2 protein chains.
Amino acid sequence: MAGDDEGAKTEPAHDRSLHQRIRADLEERILSGAWSPGHRIPFEHELMAQYGCARMTVNRVLSGLVEAGLIERRRRAGSFVRRPAGQSAVLRIPDVKAEVLSRGETYGYELISGTRRKATRDDRARIAVAAGAPLLALLCRHVADGRPYALEDRLIALDSVPEAADADFATELPGTWLLGHVPWHEAEHNISAAPADARTAARLDVPVGTACLVMERRTWRSGQPITAVRLWYPGDRQKLVARFTPSTAAGR
Amino acid sequence: MAGDDEGAKTEPAHDRSLHQRIRADLEERILSGAWSPGHRIPFEHELMAQYGCARMTVNRVLSGLVEAGLIERRRRAGSFVRRPAGQSAVLRIPDVKAEVLSRGETYGYELISGTRRKATRDDRARIAVAAGAPLLALLCRHVADGRPYALEDRLIALDSVPEAADADFATELPGTWLLGHVPWHEAEHNISAAPADARTAARLDVPVGTACLVMERRTWRSGQPITAVRLWYPGDRQKLVARFTPSTAAGR
DNA sequence: GAGTGGTCTAGACCACTTC
DNA sequence: AAGTGGTCTAGACCACTCA
(Lines give C-alpha, C1' and ligand atoms only; values in the text may rest on other atoms or scores of the structure.)
Protein backbone atom coordinates (compact mmCIF):
# COMPACT_ATOMS: atom_id res chain seq x y z
CA MET A 1 0.00 0.00 0.00
CA ALA A 2 0.98 3.57 -0.26
CA GLY A 3 3.05 4.90 2.57
CA ASP A 4 4.35 1.59 3.76
CA ASP A 5 7.77 0.23 3.10
CA GLU A 6 9.74 -2.90 2.54
CA GLY A 7 13.16 -2.22 3.95
CA ALA A 8 13.91 1.26 2.80
CA LYS A 9 11.80 3.32 5.13
CA THR A 10 12.17 1.23 8.26
CA GLU A 11 15.36 3.19 8.91
CA PRO A 12 14.65 6.72 7.79
CA ALA A 13 16.68 8.63 10.35
CA HIS A 14 19.86 6.68 9.68
CA ASP A 15 21.64 9.45 7.94
CA ARG A 16 19.95 11.30 5.14
CA SER A 17 16.80 10.65 3.25
CA LEU A 18 16.68 7.96 0.64
CA HIS A 19 16.70 10.28 -2.33
CA GLN A 20 19.64 12.17 -0.87
CA ARG A 21 21.59 8.95 -0.55
CA ILE A 22 20.76 7.94 -4.10
CA ARG A 23 21.69 11.39 -5.33
CA ALA A 24 25.01 11.27 -3.52
CA ASP A 25 25.70 7.81 -4.92
CA LEU A 26 25.11 8.86 -8.48
CA GLU A 27 26.95 12.15 -8.13
CA GLU A 28 29.95 10.37 -6.73
CA ARG A 29 30.05 8.01 -9.68
CA ILE A 30 29.81 10.90 -12.13
CA LEU A 31 32.23 13.30 -10.47
CA SER A 32 34.81 10.61 -9.82
CA GLY A 33 34.76 9.67 -13.46
CA ALA A 34 33.56 6.12 -12.85
CA TRP A 35 30.78 7.09 -15.22
CA SER A 36 32.45 9.29 -17.77
CA PRO A 37 30.68 11.71 -20.08
CA GLY A 38 28.40 9.95 -22.50
CA HIS A 39 27.95 6.94 -20.25
CA ARG A 40 24.37 5.75 -20.02
CA ILE A 41 23.31 5.51 -16.42
CA PRO A 42 20.81 2.84 -15.34
CA PHE A 43 17.20 3.23 -16.37
CA GLU A 44 14.72 4.35 -13.79
CA HIS A 45 13.30 0.87 -13.40
CA GLU A 46 16.80 -0.50 -12.84
CA LEU A 47 17.50 2.06 -10.14
CA MET A 48 14.12 1.24 -8.59
CA ALA A 49 15.22 -2.35 -8.29
CA GLN A 50 18.71 -1.49 -7.03
CA TYR A 51 17.46 0.80 -4.29
CA GLY A 52 14.16 -0.94 -3.70
CA CYS A 53 12.09 2.19 -4.02
CA ALA A 54 9.33 3.69 -6.11
CA ARG A 55 9.90 5.26 -9.47
CA MET A 56 8.98 8.72 -8.20
CA THR A 57 11.93 8.56 -5.87
CA VAL A 58 14.56 7.82 -8.48
CA ASN A 59 12.84 10.17 -10.87
CA ARG A 60 13.18 12.98 -8.39
CA VAL A 61 16.89 12.28 -8.07
CA LEU A 62 17.43 12.16 -11.81
CA SER A 63 15.45 15.36 -12.33
CA GLY A 64 17.72 17.01 -9.80
CA LEU A 65 20.80 15.83 -11.68
CA VAL A 66 19.38 17.29 -14.87
CA GLU A 67 18.80 20.61 -13.14
CA ALA A 68 22.35 20.52 -11.81
CA GLY A 69 23.61 19.95 -15.34
CA LEU A 70 25.25 16.63 -14.54
CA ILE A 71 23.16 14.46 -16.82
CA GLU A 72 20.80 14.76 -19.74
CA ARG A 73 17.87 12.53 -20.46
CA ARG A 74 16.31 11.43 -23.71
CA ARG A 75 13.10 9.53 -24.02
CA ARG A 76 13.40 6.00 -25.21
CA ALA A 77 17.19 6.33 -25.12
CA GLY A 78 17.97 6.80 -21.44
CA SER A 79 19.95 9.12 -19.19
CA PHE A 80 23.51 10.08 -19.99
CA VAL A 81 26.36 11.77 -18.19
CA ARG A 82 26.91 15.19 -19.67
CA ARG A 83 30.19 16.62 -20.77
CA PRO A 84 31.16 19.57 -18.57
CA ALA A 85 30.12 22.71 -20.39
CA GLY A 86 33.44 23.98 -21.67
CA GLN A 87 35.77 25.50 -19.14
CA SER A 88 32.82 27.24 -17.59
CA ALA A 89 32.39 27.76 -13.91
CA VAL A 90 29.98 29.24 -11.47
CA LEU A 91 31.41 31.90 -9.23
CA ARG A 92 29.92 33.78 -6.38
CA ILE A 93 30.67 37.34 -5.45
CA PRO A 94 30.01 38.34 -1.86
CA ASP A 95 29.17 41.91 -1.02
CA VAL A 96 32.04 44.09 0.02
CA LYS A 97 31.30 44.24 3.74
CA ALA A 98 30.90 40.48 4.05
CA GLU A 99 34.06 40.08 2.01
CA VAL A 100 36.10 42.24 4.35
CA LEU A 101 34.70 40.68 7.49
CA SER A 102 35.29 37.19 6.17
CA ARG A 103 38.95 38.14 5.78
CA GLY A 104 39.00 38.84 9.48
CA GLU A 105 39.54 42.56 9.01
CA THR A 106 37.58 45.42 10.49
CA TYR A 107 35.16 47.06 8.15
CA GLY A 108 34.58 50.76 7.68
CA TYR A 109 32.56 52.85 5.29
CA GLU A 110 32.54 56.48 4.23
CA LEU A 111 30.25 58.42 1.94
CA ILE A 112 32.44 60.69 -0.13
CA SER A 113 29.72 62.44 -2.06
CA GLY A 114 26.05 62.08 -2.84
CA THR A 115 24.42 64.30 -5.41
CA ARG A 116 21.15 64.36 -7.23
CA ARG A 117 21.23 65.13 -10.92
CA LYS A 118 19.45 64.57 -14.20
CA ALA A 119 20.83 61.69 -16.24
CA THR A 120 23.64 62.77 -18.52
CA ARG A 121 24.77 61.05 -21.66
CA ASP A 122 27.52 59.27 -19.72
CA ASP A 123 25.11 58.19 -17.02
CA ARG A 124 22.79 56.69 -19.59
CA ALA A 125 25.60 54.53 -20.91
CA ARG A 126 25.70 52.96 -17.47
CA ILE A 127 22.05 52.87 -16.51
CA ALA A 128 19.19 52.61 -18.98
CA VAL A 129 16.98 55.48 -17.86
CA ALA A 130 15.30 58.13 -19.98
CA ALA A 131 17.27 61.27 -20.82
CA GLY A 132 17.01 63.73 -17.97
CA ALA A 133 15.56 61.21 -15.54
CA PRO A 134 16.51 61.96 -11.94
CA LEU A 135 19.47 60.06 -10.59
CA LEU A 136 21.25 59.81 -7.30
CA ALA A 137 25.00 59.62 -7.78
CA LEU A 138 26.96 58.22 -4.84
CA LEU A 139 30.66 57.86 -4.27
CA CYS A 140 31.67 55.77 -1.29
CA ARG A 141 34.78 54.22 0.14
CA HIS A 142 34.98 50.81 1.77
CA VAL A 143 37.73 50.53 4.32
CA ALA A 144 39.40 47.41 5.69
CA ASP A 145 41.62 47.66 8.76
CA GLY A 146 41.83 51.38 8.23
CA ARG A 147 43.05 51.18 4.66
CA PRO A 148 40.91 51.89 1.57
CA TYR A 149 39.63 48.59 0.28
CA ALA A 150 37.30 49.53 -2.55
CA LEU A 151 35.75 52.57 -4.13
CA GLU A 152 32.06 52.44 -4.95
CA ASP A 153 30.67 54.61 -7.71
CA ARG A 154 26.92 54.17 -7.84
CA LEU A 155 23.93 55.54 -9.71
CA ILE A 156 20.40 55.01 -8.44
CA ALA A 157 17.36 55.58 -10.64
CA LEU A 158 15.08 57.77 -8.55
CA ASP A 159 12.17 57.13 -10.88
CA SER A 160 12.29 53.49 -9.86
CA VAL A 161 13.26 54.00 -6.22
CA PRO A 162 12.04 57.46 -5.18
CA GLU A 163 12.51 56.67 -1.47
CA ALA A 164 16.25 56.62 -2.07
CA ALA A 165 16.18 60.42 -2.18
CA ASP A 166 15.44 60.48 1.54
CA ALA A 167 17.80 57.72 2.63
CA ASP A 168 20.85 58.60 4.66
CA PHE A 169 23.70 57.00 2.81
CA ALA A 170 26.24 58.54 5.14
CA THR A 171 25.37 55.91 7.68
CA GLU A 172 23.76 53.16 5.66
CA LEU A 173 25.40 51.16 2.91
CA PRO A 174 23.67 51.85 -0.41
CA GLY A 175 23.74 48.18 -1.30
CA THR A 176 22.20 47.18 2.00
CA TRP A 177 19.60 49.93 1.84
CA LEU A 178 18.60 48.88 -1.65
CA LEU A 179 18.32 45.27 -0.58
CA GLY A 180 15.90 46.31 2.10
CA HIS A 181 13.79 48.41 -0.21
CA VAL A 182 13.99 46.55 -3.49
CA PRO A 183 13.51 42.98 -2.36
CA TRP A 184 14.36 40.86 -5.33
CA HIS A 185 15.95 41.89 -8.55
CA GLU A 186 17.97 40.75 -11.51
CA ALA A 187 21.54 41.79 -11.92
CA GLU A 188 24.19 41.76 -14.61
CA HIS A 189 27.86 41.76 -13.75
CA ASN A 190 30.86 42.81 -15.70
CA ILE A 191 34.42 42.40 -14.51
CA SER A 192 37.40 44.12 -16.04
CA ALA A 193 40.78 45.55 -15.20
CA ALA A 194 41.68 49.20 -15.53
CA PRO A 195 44.41 51.57 -14.36
CA ALA A 196 43.41 53.93 -11.58
CA ASP A 197 42.95 57.47 -12.81
CA ALA A 198 44.16 60.36 -10.67
CA ARG A 199 40.99 60.85 -8.66
CA THR A 200 40.38 57.16 -8.11
CA ALA A 201 44.00 56.59 -7.15
CA ALA A 202 43.86 59.38 -4.59
CA ARG A 203 40.71 58.02 -3.03
CA LEU A 204 42.14 54.53 -2.84
CA ASP A 205 45.51 55.81 -1.68
CA VAL A 206 47.42 54.02 -4.41
CA PRO A 207 49.72 55.30 -7.15
CA VAL A 208 48.11 56.64 -10.30
CA GLY A 209 47.86 53.91 -12.89
CA THR A 210 47.65 51.07 -10.38
CA ALA A 211 45.95 48.08 -11.97
CA CYS A 212 42.49 47.80 -10.46
CA LEU A 213 39.83 45.21 -10.63
CA VAL A 214 36.61 46.90 -11.69
CA MET A 215 33.34 45.18 -11.04
CA GLU A 216 30.29 46.69 -12.59
CA ARG A 217 26.85 45.57 -11.57
CA ARG A 218 23.59 46.68 -13.12
CA THR A 219 20.33 45.87 -11.45
CA TRP A 220 16.74 45.70 -12.68
CA ARG A 221 13.41 44.98 -11.19
CA SER A 222 10.73 43.85 -13.65
CA GLY A 223 12.61 45.53 -16.46
CA GLN A 224 13.02 48.82 -14.58
CA PRO A 225 16.62 49.86 -14.01
CA ILE A 226 17.32 50.25 -10.32
CA THR A 227 20.99 50.91 -9.87
CA ALA A 228 24.36 50.65 -11.54
CA VAL A 229 27.47 50.36 -9.45
CA ARG A 230 31.18 50.27 -10.19
CA LEU A 231 33.48 48.84 -7.57
CA TRP A 232 37.18 49.59 -7.88
CA TYR A 233 39.52 47.24 -6.05
CA PRO A 234 43.25 47.91 -6.03
CA GLY A 235 44.34 44.75 -7.79
CA ASP A 236 47.81 44.69 -6.35
CA ARG A 237 46.49 44.28 -2.87
CA GLN A 238 44.18 41.37 -2.86
CA LYS A 239 41.88 39.44 -5.03
CA LEU A 240 38.19 39.37 -5.32
CA VAL A 241 36.49 36.09 -5.86
CA ALA A 242 37.16 32.47 -5.28
CA ARG A 243 34.76 29.68 -5.63
CA PHE A 244 34.72 26.06 -6.47
CA THR A 245 32.25 24.35 -8.68
CA PRO A 246 31.22 20.76 -8.22
CA SER A 247 28.81 21.02 -11.09
CA THR A 248 27.93 23.23 -13.98
CA ALA A 249 24.68 24.17 -12.25
CA ALA A 250 22.52 27.14 -13.05
CA GLY A 251 22.68 26.10 -16.68
CA ARG A 252 18.96 26.36 -16.68
CA MET B 1 -8.02 7.30 -9.14
CA ALA B 2 -4.34 7.71 -9.72
CA GLY B 3 -3.35 8.99 -13.08
CA ASP B 4 -6.65 10.54 -13.99
CA ASP B 5 -7.46 14.17 -13.74
CA GLU B 6 -10.18 16.66 -13.02
CA GLY B 7 -9.36 19.67 -15.10
CA ALA B 8 -5.64 20.03 -14.78
CA LYS B 9 -4.40 17.32 -17.02
CA THR B 10 -7.07 17.48 -19.69
CA GLU B 11 -4.96 20.16 -21.30
CA PRO B 12 -1.39 19.08 -20.74
CA ALA B 13 0.17 20.40 -23.93
CA HIS B 14 -1.25 23.86 -23.49
CA ASP B 15 1.99 25.48 -22.57
CA ARG B 16 4.12 24.06 -19.86
CA SER B 17 3.53 21.41 -17.29
CA LEU B 18 1.43 22.18 -14.26
CA HIS B 19 4.31 22.38 -11.84
CA GLN B 20 6.17 24.68 -14.19
CA ARG B 21 3.21 27.01 -14.30
CA ILE B 22 2.87 26.98 -10.54
CA ARG B 23 6.57 27.58 -10.19
CA ALA B 24 6.46 30.50 -12.60
CA ASP B 25 3.47 31.96 -10.77
CA LEU B 26 5.18 31.86 -7.41
CA GLU B 27 8.50 33.09 -8.75
CA GLU B 28 6.82 36.02 -10.39
CA ARG B 29 5.18 37.03 -7.15
CA ILE B 30 8.46 36.79 -5.28
CA LEU B 31 10.71 38.44 -7.85
CA SER B 32 8.26 41.25 -8.51
CA GLY B 33 8.11 42.02 -4.83
CA ALA B 34 4.39 41.30 -4.51
CA TRP B 35 5.51 38.90 -1.82
CA SER B 36 8.39 40.64 -0.14
CA PRO B 37 11.01 38.96 2.03
CA GLY B 38 9.54 37.45 5.14
CA HIS B 39 6.09 37.06 3.61
CA ARG B 40 4.45 33.75 4.37
CA ILE B 41 3.38 32.09 1.17
CA PRO B 42 0.28 29.87 1.13
CA PHE B 43 0.44 26.48 2.80
CA GLU B 44 0.72 23.43 0.64
CA HIS B 45 -2.92 22.53 1.21
CA GLU B 46 -3.96 26.03 0.18
CA LEU B 47 -1.96 25.83 -3.02
CA MET B 48 -3.46 22.38 -3.66
CA ALA B 49 -6.90 23.96 -3.51
CA GLN B 50 -5.91 26.97 -5.61
CA TYR B 51 -4.40 24.92 -8.41
CA GLY B 52 -6.59 21.87 -7.96
CA CYS B 53 -3.72 19.43 -7.79
CA ALA B 54 -2.12 16.92 -5.47
CA ARG B 55 0.18 17.85 -2.65
CA MET B 56 3.15 16.19 -4.33
CA THR B 57 2.85 18.65 -7.15
CA VAL B 58 2.97 21.80 -5.05
CA ASN B 59 5.56 20.20 -2.80
CA ARG B 60 7.79 19.63 -5.79
CA VAL B 61 7.47 23.28 -6.72
CA LEU B 62 8.20 24.52 -3.22
CA SER B 63 11.18 22.21 -2.89
CA GLY B 64 12.52 23.69 -6.08
CA LEU B 65 12.13 27.20 -4.71
CA VAL B 66 14.05 26.18 -1.61
CA GLU B 67 16.84 24.79 -3.76
CA ALA B 68 16.88 28.01 -5.75
CA GLY B 69 17.19 29.95 -2.52
CA LEU B 70 14.01 31.91 -3.04
CA ILE B 71 12.13 30.64 -0.02
CA GLU B 72 12.75 28.83 3.23
CA ARG B 73 10.40 26.47 4.95
CA ARG B 74 9.81 25.71 8.60
CA ARG B 75 7.64 22.95 9.92
CA ARG B 76 4.51 24.00 11.61
CA ALA B 77 5.26 27.60 10.65
CA GLY B 78 5.03 27.61 6.87
CA SER B 79 7.07 28.79 3.89
CA PHE B 80 8.59 32.25 3.74
CA VAL B 81 10.18 34.42 1.09
CA ARG B 82 13.88 34.70 1.77
CA ARG B 83 15.87 37.87 1.83
CA PRO B 84 18.38 37.92 -1.03
CA ALA B 85 21.73 36.77 0.32
CA GLY B 86 23.73 39.96 0.41
CA GLN B 87 24.89 41.38 -2.90
CA SER B 88 25.93 37.95 -3.98
CA ALA B 89 25.68 36.77 -7.50
CA VAL B 90 26.36 33.77 -9.62
CA LEU B 91 28.67 34.39 -12.51
CA ARG B 92 29.76 32.16 -15.31
CA ILE B 93 33.09 32.15 -17.03
CA PRO B 94 33.17 30.74 -20.53
CA ASP B 95 36.31 29.19 -21.88
CA VAL B 96 38.50 31.42 -23.96
CA LYS B 97 37.76 29.95 -27.35
CA ALA B 98 34.00 30.06 -26.86
CA GLU B 99 34.36 33.58 -25.55
CA VAL B 100 36.19 34.78 -28.65
CA LEU B 101 33.84 33.03 -31.06
CA SER B 102 30.80 34.39 -29.26
CA ARG B 103 32.18 37.86 -29.91
CA GLY B 104 32.09 37.06 -33.58
CA GLU B 105 35.85 37.15 -33.95
CA THR B 106 38.12 34.54 -35.46
CA TYR B 107 39.96 32.42 -32.98
CA GLY B 108 43.58 31.41 -33.08
CA TYR B 109 45.92 29.60 -30.77
CA GLU B 110 49.67 29.24 -30.40
CA LEU B 111 51.79 27.17 -28.09
CA ILE B 112 54.68 29.37 -27.02
CA SER B 113 56.50 26.84 -24.91
CA GLY B 114 55.90 23.50 -23.28
CA THR B 115 58.42 22.05 -20.89
CA ARG B 116 58.52 19.22 -18.45
CA ARG B 117 60.09 19.88 -15.08
CA LYS B 118 60.07 18.89 -11.46
CA ALA B 119 57.89 21.06 -9.26
CA THR B 120 59.73 24.07 -7.90
CA ARG B 121 58.87 26.04 -4.82
CA ASP B 122 57.02 28.60 -6.94
CA ASP B 123 55.12 25.90 -8.77
CA ARG B 124 53.98 24.38 -5.53
CA ALA B 125 52.46 27.69 -4.47
CA ARG B 126 50.23 27.35 -7.48
CA ILE B 127 49.52 23.64 -7.57
CA ALA B 128 49.52 21.40 -4.53
CA VAL B 129 51.80 18.61 -5.66
CA ALA B 130 54.65 16.98 -3.77
CA ALA B 131 58.08 18.55 -4.01
CA GLY B 132 59.82 17.40 -7.14
CA ALA B 133 56.67 15.92 -8.67
CA PRO B 134 56.72 16.00 -12.47
CA LEU B 135 54.90 18.91 -14.05
CA LEU B 136 54.13 20.02 -17.54
CA ALA B 137 54.46 23.79 -17.87
CA LEU B 138 52.69 25.32 -20.84
CA LEU B 139 52.62 28.85 -22.13
CA CYS B 140 50.06 29.57 -24.81
CA ARG B 141 48.60 32.54 -26.58
CA HIS B 142 44.95 32.92 -27.53
CA VAL B 143 44.42 35.14 -30.53
CA ALA B 144 41.28 36.96 -31.63
CA ASP B 145 41.11 38.47 -35.11
CA GLY B 146 44.86 38.23 -35.32
CA ARG B 147 45.54 40.14 -32.14
CA PRO B 148 46.69 38.57 -28.87
CA TYR B 149 43.62 38.05 -26.71
CA ALA B 150 44.89 36.22 -23.67
CA LEU B 151 48.00 34.57 -22.38
CA GLU B 152 47.67 31.17 -20.77
CA ASP B 153 50.21 30.03 -18.23
CA ARG B 154 49.41 26.49 -17.20
CA LEU B 155 50.83 23.74 -15.02
CA ILE B 156 49.65 20.16 -15.34
CA ALA B 157 50.35 17.55 -12.67
CA LEU B 158 51.76 14.60 -14.58
CA ASP B 159 51.33 12.32 -11.58
CA SER B 160 47.59 12.81 -11.89
CA VAL B 161 47.38 12.96 -15.68
CA PRO B 162 50.37 11.06 -17.06
CA GLU B 163 48.83 10.91 -20.55
CA ALA B 164 49.35 14.65 -20.80
CA ALA B 165 53.02 14.02 -21.42
CA ASP B 166 52.19 12.56 -24.82
CA ALA B 167 49.55 15.07 -25.87
CA ASP B 168 50.30 17.49 -28.65
CA PHE B 169 49.48 20.87 -27.19
CA ALA B 170 50.75 22.66 -30.27
CA THR B 171 47.54 21.71 -32.01
CA GLU B 172 45.16 20.94 -29.18
CA LEU B 173 44.01 23.39 -26.54
CA PRO B 174 45.18 22.25 -23.12
CA GLY B 175 41.83 23.06 -21.61
CA THR B 176 39.97 21.07 -24.22
CA TRP B 177 42.37 18.18 -24.00
CA LEU B 178 42.00 18.04 -20.24
CA LEU B 179 38.22 18.12 -20.53
CA GLY B 180 38.38 15.08 -22.75
CA HIS B 181 40.69 13.18 -20.43
CA VAL B 182 39.60 14.33 -16.98
CA PRO B 183 35.84 14.24 -17.28
CA TRP B 184 34.52 15.94 -14.18
CA HIS B 185 36.46 17.90 -11.67
CA GLU B 186 36.24 20.56 -9.04
CA ALA B 187 37.74 23.95 -9.65
CA GLU B 188 38.60 27.05 -7.68
CA HIS B 189 38.80 30.43 -9.32
CA ASN B 190 40.58 33.55 -8.33
CA ILE B 191 40.26 36.80 -10.19
CA SER B 192 42.58 39.74 -9.73
CA ALA B 193 44.10 42.64 -11.58
CA ALA B 194 47.82 43.05 -12.16
CA PRO B 195 50.11 45.11 -14.33
CA ALA B 196 51.72 43.26 -17.24
CA ASP B 197 55.38 42.54 -16.63
CA ALA B 198 57.86 42.87 -19.48
CA ARG B 199 57.57 39.32 -20.79
CA THR B 200 53.80 39.18 -20.48
CA ALA B 201 53.42 42.58 -22.10
CA ALA B 202 55.57 41.53 -25.03
CA ARG B 203 53.58 38.36 -25.56
CA LEU B 204 50.30 40.23 -25.40
CA ASP B 205 51.64 43.09 -27.50
CA VAL B 206 50.67 45.74 -24.97
CA PRO B 207 52.75 48.33 -23.12
CA VAL B 208 54.55 47.19 -20.00
CA GLY B 209 52.41 47.84 -16.95
CA THR B 210 49.08 47.56 -18.77
CA ALA B 211 46.37 46.66 -16.30
CA CYS B 212 45.43 43.05 -16.92
CA LEU B 213 42.67 40.87 -15.66
CA VAL B 214 44.22 37.72 -14.26
CA MET B 215 42.09 34.67 -13.83
CA GLU B 216 43.57 31.79 -11.96
CA ARG B 217 41.90 28.43 -11.95
CA ARG B 218 42.96 25.42 -9.95
CA THR B 219 41.45 22.06 -10.66
CA TRP B 220 41.15 18.86 -8.68
CA ARG B 221 39.77 15.44 -9.20
CA SER B 222 38.92 13.51 -6.06
CA GLY B 223 41.38 15.62 -4.10
CA GLN B 224 44.19 15.13 -6.63
CA PRO B 225 45.46 18.36 -8.19
CA ILE B 226 45.10 18.26 -11.95
CA THR B 227 46.04 21.62 -13.30
CA ALA B 228 46.54 25.26 -12.41
CA VAL B 229 46.13 27.90 -15.04
CA ARG B 230 46.59 31.66 -15.15
CA LEU B 231 44.89 33.60 -17.88
CA TRP B 232 46.08 37.14 -18.55
CA TYR B 233 43.64 39.39 -20.35
CA PRO B 234 44.68 42.90 -21.33
CA GLY B 235 42.11 44.75 -19.25
CA ASP B 236 42.06 47.84 -21.39
CA ARG B 237 40.72 45.89 -24.28
CA GLN B 238 37.70 44.04 -23.10
CA LYS B 239 36.10 42.41 -20.14
CA LEU B 240 35.79 38.91 -19.00
CA VAL B 241 32.52 37.86 -17.56
CA ALA B 242 28.96 38.94 -17.52
CA ARG B 243 26.06 37.12 -16.10
CA PHE B 244 22.75 37.81 -14.56
CA THR B 245 21.24 36.15 -11.57
CA PRO B 246 17.53 35.72 -11.10
CA SER B 247 18.06 33.90 -7.86
CA THR B 248 20.70 33.22 -5.30
CA ALA B 249 20.85 29.63 -6.48
CA ALA B 250 23.64 27.19 -5.86
CA GLY B 251 23.40 28.10 -2.21
CA ARG B 252 23.36 24.45 -1.55
C1' DG C 1 -1.92 18.16 20.76
C1' DA C 2 -2.38 19.83 16.24
C1' DG C 3 -0.65 21.24 12.03
C1' DT C 4 3.20 21.91 9.14
C1' DG C 5 6.56 20.26 5.92
C1' DG C 6 9.60 15.89 4.39
C1' DT C 7 9.37 11.91 2.36
C1' DC C 8 7.73 7.88 0.04
C1' DT C 9 4.48 4.66 -2.53
C1' DA C 10 2.06 2.21 -6.25
C1' DG C 11 0.00 3.09 -9.53
C1' DA C 12 -1.51 5.86 -13.99
C1' DC C 13 -1.61 8.36 -18.57
C1' DC C 14 0.92 10.64 -21.93
C1' DA C 15 4.57 12.31 -25.30
C1' DC C 16 8.26 11.34 -27.54
C1' DT C 17 11.87 8.72 -29.73
C1' DT C 18 13.93 5.20 -31.46
C1' DC C 19 13.47 0.56 -33.27
C1' DA D 1 5.42 -0.91 -31.86
C1' DA D 2 7.80 -0.70 -27.73
C1' DG D 3 10.07 1.42 -24.18
C1' DT D 4 11.81 5.51 -22.21
C1' DG D 5 11.22 9.58 -19.47
C1' DG D 6 7.62 13.45 -17.86
C1' DT D 7 4.13 14.19 -15.12
C1' DC D 8 0.49 13.64 -11.85
C1' DT D 9 -2.46 11.39 -8.18
C1' DA D 10 -4.36 10.09 -3.68
C1' DG D 11 -3.12 8.51 -0.37
C1' DA D 12 0.40 7.42 3.83
C1' DC D 13 3.73 7.78 7.85
C1' DC D 14 6.93 10.49 10.15
C1' DA D 15 9.57 14.36 12.46
C1' DC D 16 9.43 18.51 14.03
C1' DT D 17 7.61 22.63 16.10
C1' DC D 18 4.64 25.62 17.91
C1' DA D 19 0.82 26.76 20.86
Side-chain angles (χ1 to χ4, degrees), chain A residues 1-26 39-68 70-82 252, chain B residues 1-26 39-68 70-82 252:
Chain A
M1 311 88 182
D4 74 351
D5 50 290
E6 285 117 1
K9 246 177 68 188
T10 45
E11 37 198 350
H14 245 355
D15 220 350
R16 298 163 293 179
S17 62
L18 177 55
H19 74 264
Q20 283 175 330
R21 267 178 291 144
I22 301 178
R23 166 94 180 228
D25 267 16
L26 301 186
H39 181 269
R40 207 213 77 224
I41 75 178
F43 296 124
E44 294 191 346
H45 68 261
E46 294 174 322
L47 291 172
M48 283 173 62
Q50 284 178 34
Y51 290 97
C53 65
R55 194 177 144 224
M56 258 304 253
T57 306
V58 300
N59 185 289
R60 176 175 176 175
V61 171
L62 296 177
S63 299
L65 292 177
V66 168
E67 208 171 337
L70 284 176
I71 66 170
E72 57 189 348
R73 316 190 68 186
R74 292 198 304 275
R75 313 196 126 128
R76 174 72 212 224
S79 306
F80 302 85
V81 176
R82 263 185 42 163
R252 19 177 313 231
Chain B
M1 314 83 186
D4 75 351
D5 50 290
E6 284 115 4
K9 247 178 69 188
T10 46
E11 36 200 349
H14 245 355
D15 220 352
R16 298 163 295 181
S17 61
L18 176 55
H19 75 265
Q20 282 175 331
R21 268 179 290 144
I22 301 178
R23 166 96 181 226
D25 269 14
L26 302 186
H39 181 269
R40 207 213 78 225
I41 76 177
F43 296 125
E44 293 192 345
H45 64 81
E46 294 174 321
L47 291 172
M48 283 172 62
Q50 283 178 33
Y51 290 99
C53 64
R55 187 159 88 94
M56 257 304 257
T57 307
V58 300
N59 184 290
R60 174 175 177 174
V61 171
L62 296 177
S63 300
L65 291 176
V66 168
E67 208 171 338
L70 284 175
I71 67 171
E72 56 189 349
R73 317 189 70 186
R74 292 197 303 274
R75 321 201 122 136
R76 173 73 208 215
S79 306
F80 302 86
V81 177
R82 264 185 42 163
R252 25 171 312 225

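Just so it is clear, the values below take in all heavy atoms, side chains as well, and ignore hydrogens, waters and symmetry mates. Proteins come first, then strands; the chains are lettered A, B, ... in the order of their sequence lines, and each starts at number 1. It should be emphasised that the depicted structure is a prediction, and the values quoted were computed from it without experimental measurement.
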CG of L18(B) versus C1' of dT9(D): gap in Å, rounded?
11 Å
R76(B) side-chain N/O to dC16(D) phosphate OP1/OP2 under 4.0 Å:
no
Measuring only between side-chain heavy atoms, which start at C-beta, is R23(A) closer than 4.5 Å to R16(A)?
no
Taking only the side-chain heavy atoms of R55(B) (C-beta and beyond), determine which of dG5(C), dG5(D), dC8(D) contains the nearest atom.
dG5(C)
Indicate, with a heavy-atom threshold strictly under 4.0 Å, whether S79(B) touches base, sugar-phosphate, or nothing.
sugar-phosphate
Taking atom P of dG3(D) as reference, at what distance in whole Å does atom CG of N59(A) sit?
19 Å
Exactly one candidate in V61(A), L62(A), N59(A) meets side chain to side chain contact (heavy atoms under 4.5 Å, CB included) with L47(A); the answer is L62(A)
Base, sugar-phosphate, or nothing: which does R60(A) touch, judged by heavy atoms less than 4.0 Å apart?
sugar-phosphate
Could you tell me how far apart R40(A) (CZ) and dG3(D) (P) are, to the nearest whole angstrom?
14 Å
Nearest heavy atom decides the nucleotide; on that basis, is T57(A) or R75(A) closer to the 5' end of DNA chain C?
T57(A)
Could you point out which residue of R73(A), H39(A), R40(A), E72(A) forms a side-chain hydrogen bond (donor to acceptor under 3.5 Å, both in side chains) with S79(A)?
R73(A)
Given side chains that start at C-beta, do those of P42(B) and V58(B) come closer than 4.5 Å, heavy atoms only?
no
Find the distance H19(B):NE2 to dT9(D):C1' and express it as a whole number of Å.
15 Å
For dG3(C) and H45(B) - does any side-chain N or O of the residue sit under 4.0 Å from the phosphate oxygens OP1/OP2?
no
Whole angstroms only, please: what is the CE-P distance between M56(B) and dG11(D)?
15 Å
Heavy atoms from C-beta onward define the side chain here; which of dT9(D), dG6(D), dG6(C) lies closest to that of C53(B)?
dT9(D)
